[in-house]
Amino acid sequence: RDAAAAADGLGLGRVGEVERVDRRVLIERARRGLGVEHLLLAGPLDGAITRAAACAGSAGELILRAASLGAELVLTGELRHHDALAAARAGLTVVCALHSNSERVALPSYAERLAARVPGLEVRLSHTDRDPFSISGPFTAR
């Protein structure tokens, strides 16, 4: 159920009911669905939820509004440090996939819709596009 239409100031974010699911299970589904190896997590990681929010890109200004609409977990691309602290204090689990990772997953659907609306337009998706960030392990001193 999409509550975004009735939610002033939620912008492109969405809040909705989900089938009762353990936070860690939902986080793993998001990781696999986005095709990423790592996610940044803040707030509680244990317990089940029934209401979640999502906002591609950056959700900083939406995070506490999502909590006020009953979201227990927010999936987004990025979040400022103090917004993550505020979310955690509010009992909200935050899952950050990095900015472009949270948007890239929608590109095939957008490409199909664009091609359908503009007949004759050749729409191509990059095969080399990727997030500019990587997660580093320890470096060996020389």
Side-chain angles (χ1 to χ4, degrees), residues 1-5 7-67 69-142:
R1 188 174 80 104
D2 183 5
D8 293 334
L10 204 55
L12 295 176
R14 298 291 182 261
V15 177
E17 312 244 343
V18 296
E19 184 175 321
R20 184 176 176 82
V21 61
D22 183 80
R23 282 176 168 87
R24 292 175 188 266
V25 169
L26 189 56
I27 290 166
E28 179 56 20
R29 285 181 193 161
R31 188 193 67 73
R32 283 193 323 264
L34 291 169
V36 297
E37 289 186 41
H38 302 66
L39 295 167
L40 301 175
L41 308 172
L45 299 178
D46 294 317
I49 66 161
T50 59
R51 200 153 169 81
C55 180
S58 179
E61 68 280 358
L62 307 177
I63 203 85
L64 294 180
R65 179 75 176 128
L69 292 169
E72 300 158 292
L73 179 142
V74 174
L75 173 63
T76 189
E78 63 185 64
L79 202 58
R80 293 179 307 219
H81 172 86
H82 289 96
D83 291 330
L85 289 174
R89 277 193 304 273
L92 192 60
T93 301
V94 175
V95 181
C96 296
L98 296 180
H99 193 103
S100 62
N101 290 335
S102 70
E103 296 172 338
R104 188 170 294 103
V105 70
L107 292 178
S109 173
Y110 288 150
E112 285 179 23
R113 290 172 33 202
L114 182 60
R117 289 186 180 199
V118 185
L121 177 68
E122 181 183 358
V123 179
R124 292 188 275 171
L125 292 175
S126 172
H127 295 286
T128 59
D129 176 51
R130 66 173 197 80
D131 193 85
F133 292 102
S134 61
I135 306 293
S136 137
F139 288 101
T140 304
R142 292 181 190 210

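Worth saying up front: this structure is predicted, and the values here are computed from it rather than measured. If you read the sequence from its start, that first residue is 1, and numbering goes on from there.
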Q.
So, using side chain to side chain contact (heavy atoms under 4.5 Å, CB included) as the criterion, who are the partners of Ala42 when residues are at least two apart?
A. Ala84, Val94

Q | Ser102 versus Leu34, closest heavy-atom pair with distance | A | CA-CD2, 4.5 Å

**Q.** Approximate separation, where rounding is to 0.5 Å, of Arg14 CZ and Leu62 CG
**A.** 10.5 Å

Q. Could you give the distance from CD (Glu17) to CD1 (Ile49), rounded to the nearest 0.5 Å?
A. 11.0 Å

Q: Would you sort out whether Thr76 and Val95 count as a side chain to side chain contact (heavy atoms under 4.5 Å, CB included), showing the intermediate values?
A: CA-CA 6 Å; Thr76 189; Val95 181; over 6 Å; no

Q: Kindly indicate whether the side chain of Val36, heavy atoms from C-beta on, has any atom under 4.5 Å from the side chain of Leu98.
A: no

**Q.** Which atom of Ala53 lies closest to which atom of Val15, heavy atoms considered
**A.** CB-CG2, 3.8 Å

Q) Does a side-chain heavy-atom distance below 4.5 Å link Asp129 with Arg104? A) yes

Q.
Quick check: do Ile27 and Leu75 have side-chain heavy atoms less than 4.5 Å from each other?
A. no

Q) Between NE2 of His38 and SG of Cys96, what distance do you get to the nearest 0.5 Å? A) 15.0 Å

Q | Backbone of Ala97 reached by a side-chain donor or acceptor of Asn101 within 3.5 Å | A | yes

Q: Please answer whether the main-chain N or O of Leu45 pairs with a side-chain N or O of Thr93 as donor and acceptor at a distance below 3.5 Å.
A: no

(Q) I'd like to know whether Val21 forms a side chain to side chain contact (heavy atoms under 4.5 Å, CB included) with Arg29, so could you lay out the CA-CA distance, the side-chain angles of the two residues, the decisive distance to 0.1 Å, and finally the verdict. (A) CA-CA 11 Å; Val21 61; Arg29 285 181 193 161; 3.8 Å; yes

Q: Apply side chain to side chain donor-acceptor pair (under 3.5 Å) to Glu112 and list each qualifying residue two or more places apart in sequence or on a separate chain.
A: none

Q) Going from CG on Asp83 to CD1 on Ile63, what distance comes out if it is rounded to the nearest 0.5 angstrom? A) 7.0 Å

Q) Would Arg23 and Asp46 pass as an ion pair if we require N to O under 4.0 Å? A) no

**Q.** Distance in Å, Asp131 CG paired with Glu103 CD, rounded so as to fall on 0.5 Å steps
**A.** 10.0 Å

Q: Determine, for Arg24 against Glu28, whether the closest basic-nitrogen to carboxylate-oxygen distance falls under 4.0 angstrom.
A: no

(Q) Between Glu72 and Thr50 (side chain of the first, backbone of the second, donor and acceptor by atom type, cut-off under 3.5 Å), is there such a pair? (A) yes

(Q) With rounding to the nearest 0.5 angstrom, report the SG to CD distance, Cys55 to Glu78. (A) 10.0 Å

Q) What pair of heavy atoms forms the shortest contact from Leu92 to Pro44, and how long is it? A) O-CD, 3.6 Å

Q | Test item: Arg51 side-chain N/O and Leu69 main-chain N/O as donor-acceptor pair under 3.5 Å | A | yes

